[in-house]
Amino acid sequence: MQILLVASAFNSLTQRVHAELRDRGHKVAVELALPDRSLTEAVRRHAPQLVVAPMLRTAVPEEVWSAHTCLIVHPGPLGDRGPSSLDWAIHEGAERWGVTVLQAAAEMDAGDVWASVPCRVPPVAKSDLYRGEVADAALTAVLLAVERFAGGTHVPAAQDEAGLAGAPVRVRPYLDQSVRRIDWAADTTETVVRKLRAADSQPGVLDLLLGGEWYLHGGHPESTLRGRPGELLATRAGAICRATADGAVWIPELRPRRLPGMPPTFKLPAVRALGDRLPPLPEHAPPVLPDVRERTWTDIRYREDGGAGFLTFAFPGGAMSTEQCRRLLSAYREACSRPTSVLVLGGERDFFSNGIHLGVIEAAADPAAESWANINAIDDLVEAVLTTTDRLVVAAVAGNAAAGGAMLALAADEVWCRHGTVLNPHYRLMGLYGSEYWTYTLPRRVGPAPAERLMREALPVSAASALRLGLADRVIDCAPGDFARETGTLAARLAALPATASRIAAKKAELDRREATTPLAGFRERELARMRRTFDDPDAPYHALRRAFVHKRRPPCTPPHLAPPPVA
């Protein structure tokens, strides 16, 4: 079937729907709903059999929904309506939620229902929930709705004033800053964390801090530090710790409020964003090793279970700055000093990694120099993984991975993906040739021709396709919250296998053989030579593309690779 995806942005859910529909043999194109582009004309040009909107902030024009069946993905259960569905769910402490696929109609969120799938709401940030439990439910609902449409006999259920199947209709307004505001003198840590989670990653919680107005992004409870409510207590890994009425929270990122006539602002690590405004504070950095179990936030942790070690990391947005890469490399080297035969590298849920930190690079006094420092820092990390010969390394890809982050995963001996993972193993959309030893690992995994195609097409790859192509070695079908337990069981089993010791010995012999013929250093040198030319050229597309990405500028049109010419 020819399906057109209409979206406000090619975000994580749109990418997942795109990849999964293509896996099932559908011909899929994408059109972005842009202010200066006619969506009506775009749909007419494609002449699709079905229109699906995984993430759409604007109404579908009547000329479109009256001529085509248009399925709208609403991140809320039956009867829920409004633009801040997930925000309200987390803000009010809902434990169960859902996703509904509706047919576009004159009134927003009021069309006939094609599918509705429930989901849990674990205590995580909105963006994590959206890419995890909500995305799983949305994908199930979309596939069911598409199957029903293709069957030609299904009649969607109409909504009425009393709601559907006993669910009351609830139209809720946009959740604005007057509701999100934190009262530091009165709000408990639990309340503050809930408010912060409900605003992650957009729009953040507007607050006054050190004489400025800032949007706070991310929030994690602190177990021991205490102080006067609202007081800054400490720093850790670029985050700040702030006292609440009964405890404290860690805030990893800040974004200054946009001033009139000024360009949009963007998130940065909190310490980096505050700069000279930040008073002297103690740096509370817990040790990564040995096993850390106390209830306090840190972005890098290590634990062991028998012969398996688990180095987990979780960086906001999956971006890895120079400093974060260096800290993770230091932790990796410590983990490699432990007496284990298997080392699992990755997060417990959400992003694995998206490569270099474009925000920190954009904010640097010399973006070209910071780009160079960042790419070398992540290359150092990838090299350490590639040259580890005394144990097996497993990349546990709980969430999406892109660009250098995808190549970090491919450096491991085995790649285990959760079934909802989306990989983007390419660089060209940011105007980069790429590094992280991709010219070594990618062709070795998938073959030269598929590697070239992945780089050229620059399209998202589902976990199932990753397994088929050789980008992944195992796909784990589980809920987001179960991935850490599942990988833990598998890693402990791998460490106990008698064959693991012989695999480790063979791994060292193979690396020695390759080094004698095609040394790793040559791949890095050739990749970095091309990257250096790009970084040092102020007119290279990378710099404009980076700025547009960081400042969230809308493209002038739908990128050509997303909207191929319709099939005649």
Side-chain angles (χ1 to χ4, degrees), residues 82-97 120-130 170 172-258 265 267-271 273-274 277-279 281-282 284 286 294-299 314 316-317 350:
S84 301
S85 182
L86 288 184
D87 306 59
W88 282 111
I90 297 172
H91 186 82
E92 295 179 344
E95 295 182 355
R96 301 285 299 177
W97 206 238
R120 290 180 56 251
V121 182
V124 298
K126 178 180 65 173
S127 56
D128 187 346
L129 174 67
Y130 181 79
R170 188 175 185 184
R172 292 193 281 194
Y174 175 74
L175 185 56
D176 62 25
Q177 292 295 335
S178 66
V179 182
R180 299 184 191 273
R181 185 182 65 84
I182 295 172
D183 183 344
W184 292 99
D187 286 349
T188 63
T189 297
E190 180 182 358
T191 299
V192 172
V193 168
R194 190 172 66 249
K195 288 180 177 181
L196 290 168
R197 284 174 173 166
D200 181 77
S201 62
Q202 289 294 331
V205 175
L206 186 61
D207 196 27
L208 293 172
L209 181 63
L210 300 178
E213 289 186 292
W214 303 86
Y215 290 95
L216 315 181
H217 292 273
H220 307 275
E222 161 58 26
S223 57
T224 60
L225 295 177
R226 298 291 184 270
R228 186 176 65 256
E231 178 185 12
L232 294 181
L233 305 176
T235 60
R236 173 182 295 158
I240 54 174
C241 186
R242 195 171 186 186
T244 64
D246 66 345
V249 295
W250 289 98
I251 302 169
E253 293 185 309
L254 299 176
R255 175 170 60 92
R257 187 174 190 177
R258 182 181 184 179
T265 59
K267 294 178 287 186
L268 284 171
V271 172
L274 289 170
R277 292 174 183 246
L278 190 66
L281 294 172
H284 278 251
E294 67 267 22
R295 281 189 63 254
T296 186
W297 168 83
T298 182
D299 54 2
D350 205 16

Exercise for the section: Find out whether Arg197 and Pro123 are in side-chain contact, i.e. whether some heavy atom of one side chain is under 4.5 Å from a heavy atom of the other. Expected result: yes
Exercise for the section: Could you walk me through whether Tyr215 and Val205 pass side-chain contact (heavy atoms from CB on, under 4.5 Å), step by step? Expected result: CA-CA 5 Å; Tyr215 290 95; Val205 175; over 6 Å; no
Practice task
Answer yes or no: are there more than 12 heavy-atom neighbours, outside Arg96 itself, under 6.0 Å from its atom CZ?
Solution key: yes
Fill in the blank from the handout: In this structure, CG of Leu216 is separated from CD1 of Ile251 (nearest 0.5 Å) by 4.5 Å
Problem - Minimum-distance pair of heavy atoms, taken over all atoms of Leu209 and Trp214 - result: O-NE1, 3.2 Å
Handout entry: Polar side-chain atom of His217 near backbone of Ser201 as donor-acceptor pair, under 3.5 Å
Key = yes
Exercise for the section: Walk me through it: do Asp207 and Arg242 pass the test salt bridge (charged side-chain N to carboxylate O under 4.0 Å, His left out)? Expected result: CA-CA 12 Å; Asp207 196 27; Arg242 195 171 186 186; 2.4 Å; yes
Handout entry: Candidate pair Ile240 and Leu233, rule side-chain contact (heavy atoms from CB on, under 4.5 Å), full reasoning
Key = CA-CA 8 Å; Ile240 54 174; Leu233 305 176; over 6 Å; no
Exercise for the section: Would you check if the side chain of Arg255 reaches a backbone N or O of Thr265 as a donor-acceptor pair within less than 3.5 Å? Expected result: no
Handout entry: Contact summary for Lys126 and Asp87, nearest pair of heavy atoms
Key = NZ-OD2, 2.9 Å
Problem - Distance (rounded to the nearest 0.5 Å) between Tyr130 OH and Leu86 CG - result: 8.0 Å
Problem - Main-chain N/O of Arg180 paired with Gln177 side-chain donor or acceptor, under 3.5 Å - result: no
Handout entry: Short N-O contact, Glu92 and Arg170, less than 4.0 angstrom
Key = yes
Practice task
Say whether, by atom type as modelled, one donor and one acceptor occur between the side chain of Asp128 and the main chain of Val124 under 3.5 angstrom.
Solution key: no
Exercise for the section: Assess the side chains of Thr244 and Thr189: does a donor N or O sit below 3.5 Å from an acceptor N or O? Expected result: yes
Fill in the blank from the handout: For Val271 and Ala239, the nearest pair of non-hydrogen atoms, with its separation, is CG2-O, 3.8 Å
Handout entry: Arg172 side chain to Ser85 side chain, donor-acceptor N/O pair below 3.5 angstrom
Key = no
Problem - For the student: nearest non-hydrogen atoms of Ala125 and Ile90, plus distance - result: C-CD1, 4.3 Å
Fill in the blank from the handout: Rounded to the nearest 0.5 angstrom, the CZ-CG distance for Arg181 and Leu206 is 10.5 Å
Exercise for the section: Output yes when a side-chain donor or acceptor of Arg236 lies under 3.5 Å from a complementary backbone atom of Trp250, and no otherwise. Expected result: no
Handout entry: Ring centre gap for Trp297 and His220 strictly below 6.0 Å
Key = yes
Handout entry: Heavy-atom closest contact (Ala185 atom, Ala245 atom, distance)
Key = O-CB, 3.6 Å
Practice task
Please tell me if the side chains of His91 and Lys195 come closer than 4.5 Å, counting only heavy atoms from C-beta onward.
Solution key: yes
Handout entry: Test log, rule side-chain contact (heavy atoms from CB on, under 4.5 Å), inputs Leu278 and Thr235
Key = CA-CA 10 Å; Leu278 190 66; Thr235 60; 4.0 Å; yes
Problem - Validation row: Lys267, Leu254 side chains within 4.5 angstrom (heavy atoms) - result: no
Handout entry: Nearest atoms (heavy-atom pairs only) where Pro252 meets Pro316
Key = CB-CG, 4.1 Å
Exercise for the section: Indicate whether the side chain of Thr188 and that of Asp246 have a donor and an acceptor atom separated by less than 3.5 Å. Expected result: no
Handout entry: Expected output: side-chain Arg277 to main-chain Leu210 donor-acceptor under 3.5 Å
Key = yes
Completion exercise
In this structure, OH of Tyr174 is separated from CH2 of Trp88 (nearest 0.5 Å) by 11.0 Å
